[in-house]
Protein chains: 2
Amino acid sequence: MMQLSYTEENYLKALLKITYESGKGQAGTNELATHMDLKPATVNDMLRKLKEKGFISYQKYGKITMLEPGKLKAIEIIRKHRLWETFLYKKLEFTWDEVHEVAEQLEHIQSAKLVERLAKFLDFPEFDPHGDPIPDENGLFKVKHKKTLSEVGIGKKAKMVAVKDNSSLFLKYVMGVGLGLNNVIKVISKQDYDSLMVIEVNGKRSNVSLKFAENIYVI
Amino acid sequence: MMQLSYTEENYLKALLKITYESGKGQAGTNELATHMDLKPATVNDMLRKLKEKGFISYQKYGKITMLEPGKLKAIEIIRKHRLWETFLYKKLEFTWDEVHEVAEQLEHIQSAKLVERLAKFLDFPEFDPHGDPIPDENGLFKVKHKKTLSEVGIGKKAKMVAVKDNSSLFLKYVMGVGLGLNNVIKVISKQDYDSLMVIEVNGKRSNVSLKFAENIYVI
DNA sequence: AAATTTTGTTAGATTCGTCTAACTTATATA
DNA sequence: TATATAAGTTAGACGAATCTAACAAAATTT
């Protein structure tokens, strides 16, 4: 398969994310543009190109779906991204919220050998520092966690296994309430009116919003 | 200082190399073009740009010299390149001749924190796998070795400390004669006519050309 | 010093990824 | 169902980095 540009790789990665998260396996031009912080016109041009190259399927005014080669390429980039995040976190002592930005650059380094050696060096990790699964060399990865903190009942406990929102802003907030990967959260109360929750982590109580709770995956 | 493009960084790196190696601290347009495998016209445009940005000094039909900001930037890139080479070699078990190509990509990753953490992780190495010095965070580096194998007298021994030519082709050749960093080389004979040398490394004798000998640094 | 060769510059074109502005099609709503 | 809004497309432009072809200046040779 021919070499993709840095830009093309980013489109495929974004498309995989959107089509996966929509549940329907499809995406729209504007949706993609918003996600990538570009104009719809720009995205439109690229879609034509990705279609010509056989990565995606779409027709004028229709929805975009990914074809197998596009999926594989996108998964490969996600694998690299998450391996680098793991490296930064585990070996270079970066914090949870710092890794993403640098990994956005590192994920585009072209060297199959590098990826496999890095995976070996890290002892073939299955999850990145945010709890997201790292696809293996065949593109297979563990099913993503589906239950969020907002679904946990009053008085129940749950273990945080991942976050949905990987933004630095959110991650700082999460750390602010003393919460980290694999921590146990107890739901103390929920207000019906505005869904504000009181949670307890390591004996510390905090008030969190519905939005917050929906961005914390638990088991 | 503003962010430089990947391309601008490569020009500065090449310029530092050329001006340094010429001994006179200057370079010409064609020389740079040849070195970077570009056309002189292309280089000419970029020189105007780098001049405007204050990285280099040159005037029409004159020679190029580097200004302090240009030198600092170039040294920073060399530092990153050599740290990554060291990482690939020491931690990911890449061979001597494989590291350069991947480091050419990694050297452009933007993150001051990454560079310093990487240096710490590698225990602040002073030389890369080719024996070249790694500048420290202030841009200072050990003086490069100047004596080559071609200058070693018959019957004398010398220790290989670096290579001048970092091409994969050359490095494979070097390894082929059983030679590696810090190995002791004994010069058995030299032919006046064509400067062919017979050398001995770890008891193994080989014939090498003048060109070969000029690309091996020794002490 | 004239002629030749080498070195450097300019003008104009091309590709990539982006934009804005104007337009078209599809969807939602009154 | 007609209209308004949202979503998507097209045309034309631009900056960055590259090229080729033609030209100009400097250096070298005879």
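First the proteins, then the strands, lettered A, B, ... as listed; each starts at 1. Just so it is clear, the model here is predicted, and its values are computed rather than measured. Computed from heavy atoms alone, side chains included, the values below leave out hydrogens, waters and symmetry copies.
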ask   = Counting any heavy atom closer than 4.0 Å, what does Y6(B) reach on the DNA or RNA strands: base, sugar-phosphate only, or nothing?
value =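 Touches nothing.
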task = Assign T42(A) to base, sugar-phosphate, or nothing according to its heavy-atom contacts below 4.0 angstrom with the strands shown.
result =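 T42(A): base contact, heavy atoms under 4.0 Å.
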[X] [atom1] to [N] [atom2], straight-line distance once rounded to whole Å:
X	N	atom1	atom2	value
N44(B)	dG12(C)	CG	P	16 Å
Q59(B)	dA24(D)	CD	P	21 Å
K63(B)	dT6(C)	NZ	P	14 Å
R48(A)	dT9(D)	CZ	P	11 Å

query = Hey, which of these two, K60(B) or E8(A), hits DNA chain C nearer its 5' end, going by closest nucleotide?
reply =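 This one resolves to K60(B).
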ask   = Of T29(B) and M46(A), whose nearest nucleotide on DNA chain C comes first from the 5' end?
value =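 Here T29(B) is the residue nearer the 5' end.
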Does the distance from a Lys or Arg side-chain N to an Asp or Glu carboxylate O, for [X] and [Y], drop under 4.0 Å?
X	Y	answer
R82(A)	E107(A)	no
E104(A)	K13(A)	yes
E214(A)	K164(A)	no
R79(A)	E116(A)	yes

message = Counting only side-chain heavy atoms from C-beta out, which of dT9(C), dC19(C), dA26(C) sits nearest to D45(A)?
response =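 Of the candidates, dC19(C) comes closest.
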